[in-house]
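Working notes for the structure below.
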Amino acid sequence: MGSLEEKLLEQRIKKFEELKELGVEPYPNKFEYSHTISQILERFGGFSSREFEENEKRVKTAGRIMAIRSFGKASFATISDGKHKLQFYIKKNVVDDKTFKIFKLIDIGDIVGVEGRLFRTKTGELTVLVEKLYFLSKCFLPLPEKWHGLTDIELRYRQRYLDLIVNPKVREIFETRSNIIKSIRNFLEERDYIEVETPMMHAIAGGATARPFVTHHNTLDIDLYLRIAPELYLKRLVVGGMERVYEINRNFRNEGISTRHNPEFTMVEFYQAYSDYKDLMDFTEEMFKEVADVVLGVRKFKFGEYEIDLDKWERLSLREAIIKYWDFEGDKPKFEDFKDKEKLKRLFEISGIEFDEDLSEGKLTGILFEEVVEKKLINPTIIYDYPIELSPLSKKKKDEPDYVERFELYIGGMEIANAYSELNDPFDQKERFLQQLKMKEAGDEEAHMMDEDYINALMYGMPPTAGEGIGIDRVTMLFTNSQSIREVILFPLLRPEKKTK
RNA sequence: GGGGCGUUAGCUCAGGAGGUAGAGCAACGGCCUUUUAAGCCGUGGGUCACAGGUUCGAAUCCUGUACGCCUCACCA
């Protein structure tokens, strides 16, 4: 801590002591207000100067002092309720001496209540003429600069509270996030879905291919995994007769951090019986349109350098997409090429991607898709029919058993959702798990674990079911035009600071 | 984990051919009863991220470390 910082703190502590000497209660228990600042703006924002003169409007409200403009015997100050700002005007000849003394001891950042009548200044600004001032809490540390705010990204994430105090846009992002979740929940509830909570700590990490976090339960003396997906539990509930279930909650994956990945992230995952993945394509499209209508009021919005239009959806099979977006010299690939390793090898050579002889045709096709197509999918695009090796929990296509009924939704070059017709044949599921185990033994750390109880559940019979997961953080990125996932997570994971000072 | 870039006052930023640091805001002391980036006069405030090295001399050059950002890999 620098000596300046200490000095600023000392000055504020001294003022706080002086306030107490004046008989001010330093930490009052509550404050009864007549309106929040936002309510004052809403209700009286349209009133003219004359209306205030003819019909006196008294208010009692509170907020944090954001700025003080002092004239000796009078002062203007701006207070904020976290969302909106309101100016008050305090004059020496209107309040009593003690109140004015108290005001003079108040710093930017302190939390105060004011009571008085509303008027408009000669520049037309809605203002409270203060008659009573209430001290509510002390701010001992200086706030960041008033017009640049706080821009240091590290500080903004580590001290999100400060970020919220001085950067109103941050508040808006998280309000939008809340509205997105609310509207998704409404969408599902209106369609008879039941919200459930399934375990976050799993003895077997299943439902996705990802590396888990490991923790330990002392009493049971067992290792547990933070869940990588709720999928297998939600499907157990479908077996139990909960035909439409959903969960909105965190998943944890022990993998890289980037502008699109945080180790803990929020998914809405939902399952509906007697449906297949085609039903969910329509369902998803409808959901995104509704969320946009409710949250943004429009279906077109900017995302970075792109303009996204939620009225323009496209559906392509994974292989069609590779063909469509293939822009290398020579002929485009043909549909049959993806089953022929030699042809695939040629495609890898043409596109300059490193070819791995040991991978299956399906995996290679998946790699081609990621390399050639993914980043180009700006308007909403549903990519369907995935190679079976990539999808151990989805149902095979009837006419093409090495592909499964699965789709992913891409918007703005990001994978937003993942859905499939759920595999409900317990014998097939067991085979798939065994297949994954082989991959695990071969060194694939992300291969799926065997889950005997899940097989057992399927043995009781699961109706034909379709399920989907949507990444809430990424949807929020889209709807708030945020280029980093950390902008839409209040407290993103950062390495703890080491004290070097 | 690899590569690139960054870290200077509480905040936002200048500066830097090597000669011990500047501005605005914030703070402090004055003046000021309709300002709103209020204004005017004055004052204080820095181990230039940390640790080494080169040098007569390092904020500046070199090396390492920490943290962050971007990017690649892995993934959603």
Side-chain angles (χ1 to χ4, degrees), chain A residues 1-12 14-15 49 66-78 85-95 100 107-109 119-127 129 139-159 162-163 165-167 207-211 228-229 251-267 269 354 370 374 390 408-410 414-418 444-446 469-475 477 483-486 492 494-501:
Chain A
M1 192 181 270
S3 65
L4 169 65
E5 202 173 336
E6 276 163 21
K7 198 167 134 195
L8 292 174
L9 179 59
E10 268 169 35
Q11 280 168 353
R12 290 195 174 212
K14 198 176 151 221
K15 285 186 182 176
S49 200
M66 301 304 291
I68 297 173
R69 296 174 289 278
S70 169
F71 293 84
K73 293 190 182 66
S75 285
F76 289 94
T78 306
K85 289 178 180 170
L86 180 65
Q87 176 172 268
F88 70 75
Y89 186 38
I90 185 164
K91 293 204 280 188
K92 202 169 192 305
N93 62 344
V94 171
V95 297
F100 202 72
D107 285 308
I108 291 173
F119 75 107
R120 284 198 182 277
T121 62
K122 65 182 180 191
T123 55
E125 181 157 347
L126 184 64
T127 304
L129 180 64
C139 175
F140 290 104
L141 300 171
L143 252 35
E145 209 234 16
K146 67 183 167 195
W147 71 82
H148 295 101
L150 186 67
T151 62
D152 184 296
I153 286 173
E154 189 179 349
L155 280 181
R156 286 187 44 228
Y157 297 160
R158 288 195 198 278
Q159 295 178 256
L162 258 191
D163 193 24
I165 290 170
V166 297
N167 296 324
T209 52
R211 289 163 64 184
I228 55 177
N251 291 338
F252 306 86
R253 298 190 185 173
N254 203 342
E255 280 160 357
I257 294 175
S258 78
T259 46
R260 292 172 178 199
H261 302 86
N262 194 62
E264 52 178 309
F265 64 102
T266 302
M267 286 251 280
E269 203 161 294
E354 200 182 328
E370 282 168 20
E374 211 176 293
L390 304 173
E408 290 189 344
L409 168 64
Y410 288 85
M414 289 192 289
E415 187 187 333
I416 299 295
N418 180 20
D444 186 345
E445 283 189 73
E446 283 162 3
I470 299 174
I472 297 289
D473 312 279
R474 289 187 180 176
V475 174
M477 286 172 70
Q483 297 305 304
S484 168
I485 200 167
R486 293 177 208 101
L494 296 181
R495 198 183 285 276
E497 271 181 303
K498 281 192 183 162
K499 290 254 155 62
T500 50
K501 289 176 185 176

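Residue numbers start from 1 in every chain, and the chains themselves are labelled A, B, ... in the order their sequence lines are given, proteins ahead of strands.
- Comparing A/Asp107 and A/Gln87 by the nucleotide of RNA chain B that holds the closest heavy atom to each, the one mapping nearer the 5' end is A/Asp107.
- Expressed to the nearest 0.5 Å, how far OH of A/Tyr89 lies from OG1 of A/Thr127 amounts to 9.5 Å.
- With distances taken from any side-chain atom of A/Thr151 to the nucleotides B/C11, B/C32, B/U12, the minimum falls on B/U12.
- If you check B/A21 for Watson-Crick or wobble pairing at under 3.5 angstrom, you find it has no partner at all.
- For B/G24, the base has a donor-acceptor partner in the side chain of A/Glu145 [N/O atoms by modelled type, under 3.5 angstrom].
- Of the candidates B/G68, B/A76, B/U33, the closest approach to any side-chain atom of A/Lys91 belongs to B/U33.
- Rounded to whole Å, the separation between the P atoms of B/U35 and B/C50 comes to 45 Å.
- The partner of B/G57, taking Watson-Crick or G-U wobble pairs whose two distances both stay under 3.5 Å, does not exist in any strand shown.
- When distances run from any side-chain atom of A/Thr259 to the nucleotides B/U71, B/C28, B/U33, the shortest one goes to B/U71.
- In this pair, A/Phe71 and A/Phe76 present their aromatic rings perpendicular. The plane angle is above 60°, beyond the 30 to 60° band.
- B/A27 is paired with B/U43 under the criterion used here, namely a Watson-Crick or G-U wobble arrangement in which both key atom distances are under 3.5 Å.
- Remark: P of B/C70 and CZ of A/Arg260 are 12 Å apart, rounded to the nearest angstrom.
- Nucleotide B/U34: unpaired (no Watson-Crick or G-U wobble partner with both distances less than 3.5 Å).
- Residue A/Lys15 places at least one side-chain N or O closer than 4.0 Å to OP1 or OP2 of B/C28.
- Evaluation of atom-type donor-acceptor distances gives a pair under 3.5 Å for the side chain of A/Thr121 against the base of B/U35.
- You'll find that the side chain of A/Lys7 is closest to B/G44, out of B/A76, B/G44, B/U35.
- With a cut-off of 3.5 Å on both pairing distances, B/A14 has no Watson-Crick or G-U wobble partner at all.
- Rounded to whole Å, the separation between the P atoms of B/A26 and B/C41 comes to 15 Å.
- Dashed line: the shortest gap from a side-chain N or O of A/Arg486 to OP1 or OP2 of B/C69 is under 4.0 Å.
- The nearest heavy atom of RNA chain B to A/Arg12 and to A/Glu154 marks one nucleotide each, and the one closer to the 5' end goes with A/Arg12.
- Under the Watson-Crick and G-U wobble criteria, each requiring two contacts below 3.5 Å, nucleotide B/C74 is left unpaired.
- Pairing of B/G6, defined by two Watson-Crick or G-U wobble distances under 3.5 Å, is identified with B/C67.
- Distance from the side chain of A/Tyr89 is smallest to B/U34 among B/U35, B/A76, B/U34.
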